[in-house]
Amino acid sequence: MSTRIVRTLLVAVPLLLVGGAAGLGYVAAQAKPGNYVAAKTQYGNAPSWTLTDQNGKTVSSSDFAGKVQVVAYLFPYCTTFCPAETHVLSALEADLKDAGLAGKRVQLVAFNVDPENTGPTEMRAFLQEYGVSPTDPSWSYLTGTADQVRHVVNDGYHVYYQKISLADEAKQVLKEKQLGTYTPATVVPNSLTAAAKPSYDIVHNQQIDVVAPDGRVASIFSEGSQVSETDLYQAVQHAITDR
């Protein structure tokens, strides 16, 4: 299962979008892998939401008011970018725990980009697959109805995702190979995917956002699977101190 990024939305120059129902201006993606980006006036505020976490608990964005949120977008059946991002976030959490920040001042937040077909059961399995305890209070992997998730992820954070059949994806890969534009992604084993054998994929941006304690998006990493844990930690520290 190859969750392939939609590269046309990951550009190295600012792309101004309007924040859907939130009505906020927002720069969708401009950070190069590993580069720290922060500017108080460059991004809008993160969207508000009330969703369900990996343990079936109702969680609201207001629960994290005053905390830094490190936000990712994960597909439970992913075998490429999502596992790599989760490893980076897990390493970040280890450093945050050493600094006494995890859970207290910083929350790791992920949104399920396959809410129609997967839920808390698959989300817990995904976290466990890559070394994260589903009961870890520092982690909130969230889902809801298709409309709720799209309102937050697509309209609020301007992260693209779309379901595609494996047959159509294979055709797209073949076309890219013929054009010489195909770039294969590293495949990571996912026992959840092997067991479920889904006939579809979710293509989506591998973006990681850092939300400051006041609710503004402080920085964006457009290629989250390639960002270094050090640069991500630096972005968190800046979000804490830049008021």
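- Between Asp214 and Asn45, every side-chain heavy-atom pair lies at or beyond the 4.5 Å cut-off.
- The NZ atom of Lys97 lies 11.5 Å from the CG atom of Leu92; values are rounded to the nearest 0.5 Å.
- Checking side-chain atoms of Lys67 against main-chain N and O of Phe64 turns up no donor-acceptor pair under 3.5 Å.
- Taking Thr50 as the reference, Ser60 meet the side chain to side chain donor-acceptor pair (under 3.5 Å) condition, with sequence neighbours excluded.
- Using a 3.5 Å distance cut-off with no hydrogens or angles, the side chains of Glu176 and Thr181 do not pair a donor with an acceptor.
- The side chain to side chain donor-acceptor pair (under 3.5 Å) search around Asp168 returns Ser165, not counting sequence neighbours.
- Summarising the local packing, CD of Glu116 is surrounded by 12 or fewer heavy atoms from other residues, nucleotides or ligands at distances under 6.0 Å.
- Between the side chain of Asn55 and the backbone N or O of Pro134, at least one donor-acceptor pair lies under 3.5 Å.
- Counted by atom type alone, Ser140 and Gln107 present one or more donor-acceptor pairs between their side chains at under 3.5 Å.
- Residues Asn112 and Tyr161 have side chains that never bring a donor and an acceptor to within less than 3.5 angstrom of each other.
- Looking at heavy atoms from C-beta onward, Val70 lies in side-chain contact with Val106 at the 4.5 angstrom threshold.
- Heavy-atom minimum distance, Val152 versus Ser48: CG2-O, 4.4 Å.
- Put simply, the side chain of Glu93 never gets that close to the backbone of Ser138: no donor and acceptor are under 3.5 Å apart.
- Using cut-offs of 30° and 60° for the angle between ring planes, the Trp49 and Phe111 rings count as perpendicular.
- Formation of a donor-acceptor pair under 3.5 Å by the Lys57 side chain with backbone atoms of Thr52 is not found in this model.
- The backbone N or O of Leu74 lies less than 3.5 Å from a partner atom in the side chain of Tyr141, making a donor-acceptor pair.
- Nearest heavy-atom pair, Val188 versus Thr80, reported as atom, atom and distance to 0.1 Å: CG2-O, 4.3 Å.
- Annotation: side chain of Thr118 is in contact with side chain of Tyr77 (closest heavy-atom distance under 4.5 Å).
- One finds no salt bridge joining Arg124 and Asp53 here, because no Lys/Arg side-chain nitrogen approaches an Asp/Glu carboxylate oxygen to under 4.0 Å.
- A distance of 11.0 Å separates CG of Asp114 from SG of Cys78, quoted to the nearest 0.5 Å.
- Side chains of Val88 and Leu232 form a contact here, defined as non-hydrogen atoms less than 4.5 Å apart.
- A tilted orientation is assigned to the rings of Tyr200 and Phe75, their planes being inclined by 30° to 60°.
- Taking every heavy atom of both residues into account, Asp136 and Gln54 meet most closely at O-NE2, 4.4 Å.
- Atom CD1 in Ile202 sits 10.0 Å away from atom CD in Glu169 (nearest 0.5 Å).
- For the residue pair Tyr233/Gln237, the side-chain donor-acceptor check at 3.5 Å is satisfied.
- Annotation: side chain of Asn154 is not in contact with side chain of Val149 (no heavy-atom distance under 4.5 Å).
- Across Pro213 and Val68, no two heavy atoms sit closer than the pair CD-CG2, 3.7 Å.
- The shortest side-chain heavy-atom distance between Ser133 and Gln128 does not fall under the 4.5 Å cut-off.
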Ring pair (Phe, Tyr, Trp, His ring centres under 6.0 Å) assessment of His87 paired with Tyr130: CA-CA 7 Å; His87 283 306; Tyr130 301 109; 5.8 Å; yes
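- Taking each heavy atom of Met123 and Pro76 in turn, the nearest pair found is CG-CG, 4.3 Å.
- Judged by distance alone, the side chain of Gln226 and the main-chain N or O of Glu223 form no donor-acceptor pair under 3.5 Å.
- Across all non-hydrogen atoms, the minimal contact from Ala185 to Phe81 is CB-CZ, 4.2 Å.
- The distance from the CD atom of Gln148 to the CG atom of Leu142 is 11.0 Å, given to the nearest 0.5 Å.
- Taking NE2 of His204 as the reference point, atom OH of Tyr160 lies at 11.5 Å (rounded to 0.5 Å).
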